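One structure is given below, encoded as structure tokens.
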Amino acid sequence: MALTKTSTQHWLHATSLNEVKEKGCVLVQLEGHQIALFHSEGQVYAIDNRCPHMGFPLQGSVCKEGILTCPWHYARFDLASGGTFDSWADDVRAFPLKLEAGEIWLNLTAPDDAQSHHRQRLQDGLEQTISLVIAKSVIGWLAEDSCAREPFRLGLAFGTRHTKRGWGSGLTILTAMMNLLPYLEESDRPQALYQGLSAVARDSSGAPPHFHVHPLPQTQVEFSTLKSWFRQFVERRDAEAAERCLMTAVRGQLPPEHIAEMLFAAATDHRYLDGGHTLDFINKGLEALDWVEWQEAESTLASLVPGLTEATRMEESSSWRYPLDLVEILEAAFTELPHVLAAGRSQSWDGNPDLVALLLADNPQATVQAMLTALKQGCPPAQLAAHVTQAAALRVAQFNTNNDHRDWNAAHHPFTYAHAVQRGLERSPTPELLRGVFDGAMAVYLNRFLNVPPARLPNPDNTVSQPQDLLKSLGDLLDRQQQVAASGKLVAQYLHSGGEPDLLIATLARLMLREDRSFHVIQSLEAAVRLYHQLGNSAEGISVLVAATRYLAAHSPTVRSQAQTYDIAQRLHQGDRLDQG
């Protein structure tokens, strides 16, 4: 085959002009490309024969007035440029051509703007809620650049600007997936990011853009004053004024730890806001900003305000007031916190092996007293929060399946809430946020009925010589409904037998990704992975992964439409012919 090069251009001989005129459409194979040459209304055009929508051949398409219409799904393209008139289809590659002595030559020089194309297509997919477009853009983007920060940032910016009621499940899924990426196999990372971005698009569908409230003209307001104003406005459910305080904090270049302190203080001025979601969402918003070095601070912080001003306050809930007034118990404890913390600063915490058992007991007053005693003895607040998180995880690990299936979420919420408080205290160890640890403990207490009787934790002596073989069975278990006990037992047996924890975590994440997940399942696995790495491969750490596995099994299998869409996008990226099976 003849080959010529003009500077950086790569020209190849294709066929004769007469052949294309005679047949109307001619297919040529050039360096791995199958190219369709069309003759329409006196002009010759060259485009890739694979329709970018689903990979079906464009040969046989109708060409009229410069527009090609795919015969399969009726996507329409400009014959000259390959640009589509249907955003769900994507542009098809058009090849420049030239005529020399009745022969057609094509320029196969590769386009050099792939990354900008993926960026635009991701934006299109987010704006129009097209999962296939999002999947294709993410796969293509990460194939060019393995760093996921920029597509994550675009999703964060879009989701926080187009939101119906502020930060919600979609942005939580996106951030949790980003947090899980380091634990995943490299081949699974695009799918995790795709699922997060698709969730953001679904949540934002039809939502108008949020117009920011301007900061105060004088942005250099003292932090203590700004924090006090913010809490007052949240107390009065005045979202606009509260947002203005946050915008003033950002423009006044308050450090992130001060902004976090403002948010967490307002989130714990009332008990267990919105069943734990409010503080959990704040923590996720701050984690998201960490990933993008606070580039999207204004829109992200603004999205957190509705969760504070519109939240249900547990003081208004009968379960927190009767038959025992838990709020009264907590408020009495909070008056002691300054003295307890002062006493604890001079102490060295030796630990209390009975503390988790006390947190799971049936006496909230004794639980609160044990927590105050631990702080007085020098227990760091974040470590106390970790004990509450561990107790909440045990509620899930020992959840009795005789309960109503919806009660799984009742067990789940204190776990992810306590985990969020723990993460918050690692960032902002303030007395106000410490109140959230006590709120989490009361939520654990209220769920004691879920463990009556408690499901047995798997036997640590039940080991095998080849633990890696167990993971092959885990996917089969999760293909069937309600394999809760068997799945938990398998995970415990694997770890007690010396199985590689990172491989187990990557496997659990892959099995999670194949499902159409609610954000609760994703939150649960993310929190469990973090806590497991803190506790290590101890009996306590293993029980945390057992809890996450049981929760995953309780919500498997699902329709799996998201995974199907991703599989199509991946096959298209690999060049598969979907029309051939």
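Keep in mind the model is a prediction, meaning the values are calculated, not measured.
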Is the backbone N or O of Gly276 less than 3.5 Å from a side-chain atom of Asp274, with the two atoms forming a donor-acceptor pair by type? no

Could you tell me whether the side chain of Arg435 and the main chain of Ala265 form a donor-acceptor pair under 3.5 Å? yes

Has Phe449 got more than 12 heavy atoms of other residues, nucleotides or ligands less than 6.0 Å from its CZ? yes

With sequence neighbours left out, what residues match Arg149 under side-chain hydrogen bond (donor to acceptor under 3.5 Å, both in side chains)? none

Are the side chains of Asp439 and Met442 in contact, using a 4.5 Å heavy-atom criterion? no

Aromatic centroids of His413 and His520 separated by under 6.0 Å: yes

Heavy-atom donor-acceptor pair, Asp203 side chain to Gly170 backbone, under 3.5 Å: yes

Looking just at side-chain N and O atoms, do Ser538 and Glu540 make a donor-acceptor pair shorter than 3.5 Å? yes

Quick check: do Leu326 and Tyr272 have side-chain heavy atoms less than 4.5 Å from each other? no

Looking at Glu316 and Arg313, is any side-chain nitrogen of the basic one under 4.0 Å from a carboxylate oxygen of the acidic one? no

Considering residues, nucleotides and ligands other than Gln564, do more than 12 of their heavy atoms fall under 6.0 Å from its CD? no

Any non-hydrogen side-chain atom of Leu122 less than 4.5 Å from a side-chain atom of Pro151? yes

Look at the aromatic rings of His162 and Phe158 and report parallel, tilted or perpendicular, splitting at 30° and 60°. parallel

Checking the side chain of Arg427 only, and the main-chain atoms of Glu257 only, is there a donor and an acceptor separated by less than 3.5 Å? no

Is the backbone N or O of Ala366 less than 3.5 Å from a side-chain atom of Asn363, with the two atoms forming a donor-acceptor pair by type? yes

Please check if atom CZ in Arg165 has more than 12 non-hydrogen atoms from other residues, nucleotides or ligands closer than 6.0 Å. no

Between Asp502 and His533, does the side chain to side chain contact (heavy atoms under 4.5 Å, CB included) criterion hold? Intermediate values first, please. CA-CA 10 Å; Asp502 288 347; His533 280 290; 3.8 Å; yes

Is it true that, when you exclude Glu293 itself, more than 12 heavy atoms of the residues, nucleotides or ligands shown sit nearer than 6.0 Å to its CD? no

From Gln195 CD over to Leu174 CG, what is the distance, rounded to the nearest 0.5 angstrom? 11.5 Å

CG of Leu372 to CZ of Phe334: how many Å apart, nearest 0.5 Å? 9.5 Å

When rounded to the nearest 0.5 Å, the distance separating CD1 of Ile139 from CD of Gln574 is 8.5 Å

Stepwise side chain to side chain contact (heavy atoms under 4.5 Å, CB included) check, Ile522 with Met512: CA-CA 8 Å; Ile522 299 162; Met512 177 191 73; 3.8 Å; yes

Gap separating the CG atom of Leu301 from the CG atom of Leu286, nearest 0.5 angstrom: 7.0 Å

Check this for me, if you would: do Arg560 and Glu515 make a salt bridge, where the nitrogen-to-carboxylate-oxygen distance has to be below 4.0 angstrom? yes

Would you kindly say whether Asn451 and Gln398 are connected by a side-chain donor-acceptor distance under 3.5 Å? no

Under a 3.5 Å cutoff, is there a donor and acceptor pairing between the side chains of Trp167 and Thr160? no

Show your working on salt bridge (charged side-chain N to carboxylate O under 4.0 Å, His left out) between Glu150 and Arg153 and close with a plain yes or no. CA-CA 5 Å; Glu150 184 57 17; Arg153 187 194 66 78; 2.7 Å; yes

pair Leu513-Gln562: side-chain heavy atoms closer than 4.5 Å: no

Asn400 backbone acceptor or donor facing Asn403 side chain under 3.5 Å: yes

Arg550 (side chain) donor-acceptor with Gly488 (main chain) under 3.5 angstrom: no

Derivation of the side chain to side chain contact (heavy atoms under 4.5 Å, CB included) call for Thr373 and Gln377: CA-CA 6 Å; Thr373 300; Gln377 293 173 347; 3.5 Å; yes

Atom CD of Glu310 with >12 non-hydrogen neighbours under 6.0 angstrom: yes

Checking His118 against Glu144: is there a side-chain donor and acceptor pair closer than 3.5 Å? no

Using modelled atom types and a 3.5 Å cut-off, is there a donor and acceptor pairing between side-chain atoms of Asp280 and backbone atoms of Ala420? no

Set out, in order, the CA-CA distance, both residues' side-chain angles and the distance that settles side chain to side chain contact (heavy atoms under 4.5 Å, CB included) for Gln422 and Leu425, then state yes or no. CA-CA 5 Å; Gln422 180 186 346; Leu425 283 167; 5.9 Å; no

May I ask you to say whether Lys284 pairs ionically with Glu526, meaning some side-chain N is under 4.0 Å from a carboxylate O? yes

Within the structure provided, determine whether Leu394 and Leu359 are in side-chain contact (heavy-atom separation under 4.5 Å). no

Is it true that atom CZ of Arg456 has more than 12 heavy atoms of other residues, nucleotides or ligands lying nearer than 6.0 Å? no

For the CD atom of Gln483 and the OG atom of Ser473, what is their distance to the nearest 0.5 Å? 11.5 Å

Would you indicate whether the side-chain heavy atoms of Met314 and Val327 approach each other to under 4.5 Å? no

I'd like to know if the side chain of Ser428 reaches the main chain of Ala260, judged simply by a donor and an acceptor atom lying under 3.5 Å from each other, with no hydrogens or angles considered. no

Looking at Arg514 and Asp479, does any basic side-chain N land under 4.0 Å from a carboxylate oxygen? yes

Shortest non-hydrogen contact from Ala199 toward Ile173: CB-CD1, 3.8 Å

When you measure from the centre of the six-membered ring of Phe399, is the NZ or CZ of Arg395 closer than 6.0 Å and no more than 45° off the axis? no

Quick one, Pro190 and Trp141 - any side-chain contact, counting heavy atoms below 4.5 Å? no

How many angstroms lie between CH2 in Trp320 and CG in Asp325, if you round to the nearest 0.5 Å? 11.0 Å

Minimum-distance pair of heavy atoms, taken over all atoms of Cys379 and Leu375: O-CD2, 3.5 Å

Over 60° means perpendicular and under 30° means parallel, so classify the ring planes of Trp408 and Tyr551, tilted if in between. perpendicular

Is there a donor-acceptor pair under 3.5 Å between the side chain of Ser497 and the backbone N or O of Val464? yes

Tyr194 side chain near Thr565 side chain, heavy-atom distance below 4.5 Å: yes

